[in-house]
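Worksheet for the structure shown next.
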Amino acid sequence: MNIQSPLPGLDLSLATDVARASQDLRDYPNVTGQTLMRHGRQIGRAGEELVASVLRRYGIPVLELEDAPIDRMILLGQDMVGLQIKTITHPDAGGTYRFQIRMGCNGSGEGRRGYSPSAFHICALVVLPENVVRFSASHRQSQRIHPGEIGGLRRAPLASLEAALAQFGLTLDGPDADAPTL
């Protein structure tokens, strides 16, 4: 078996983290809460990639932004729509997936706080173990997906995006001729 020699500039210190994540997450979603917290960034990244995958399957251009307050940007004609992506891994005791649409983390000096109304256009709610996304134009800090919605999100992956875009006068083809754009 041929093995690639180290590439110049490649930081191999990440290999330990990758190996641990590979071991820790092998039984996902049947892992401990502590494991999920330890690998929260990787879980969040998986949610972002699922959203990008859903959109790209239907020909919607998705841009990944570095050091930006939003997670992704989608292009619809001349309009750019900012996405904030929230990923969840487990339902509550009743089977409902509950999302907290907040920024920051509990351990930081600023703590957890809500987003300003101009922070993003659409929130993408990802139920990672079900591989589904619901798009929402709501900025409510608490949102949920009921178990009965999962099948519909699978059957019509873009229906919630179309509904969210309509709130801004947009369609998947670009602006609605009768409505103002973003």
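- Note: F120 and H139 have parallel aromatic rings, judged against thresholds of 30 and 60 degrees for the angle between ring planes.
- Using modelled atom types, no side-chain atom of H146 and backbone atom of T96 make a donor-acceptor pair closer than 3.5 Å.
- Counting all heavy atoms, side chain and backbone alike, Q143 lies closest to S138 at NE2-O, 3.2 Å.
- Taking each heavy atom of I101 and R140 in turn, the nearest pair found is CG1-O, 3.3 Å.
- Separating the CZ atom in F99 from the OG1 atom in T87 is a distance of 7.5 Å, to the nearest 0.5 Å.
- Remark: side-chain polar atoms of Q84 are not paired, donor with acceptor, to backbone N or O of A119 under 3.5 angstrom.
- Here the straight-line distance linking atom CD1 of I74 with atom CG of L83 works out to 5.0 Å at 0.5 Å rounding.
- A pairwise comparison of heavy atoms in I85 and D71 identifies N-OD2, 2.7 Å as the closest pair.
- Rounding to the nearest 0.5 Å places CD1 of I150 at 11.0 Å from CZ of R155.
- A distance-only check finds a donor-acceptor pair linking the side chain of K86 to the backbone of R102 [under 3.5 Å].
- The nearest pair of heavy atoms linking H121 to G82 is ND1-N, 2.8 Å.
- Not one N or O on the side chain of R134 forms a donor-acceptor pair closer than 3.5 Å with the backbone of L153.
- In this structure the side chain of F135 reaches within 4.5 angstrom of the side chain of L55, judged on heavy atoms.
- Note on L170 and Y58: same hydrophobic cluster, where clusters join Ile, Leu, Val, Met, Phe, Trp and Tyr whose side-chain heavy atoms are under 4.5 Å apart, directly or indirectly.
- The residues R45 and E64 are annotated as salt-bridged, a charged nitrogen and a carboxylate oxygen being separated by less than 4.0 angstrom.
- The CD1 atom of I122 sits 4.0 Å away from atom CG of L165, with the distance rounded to the nearest 0.5 Å.
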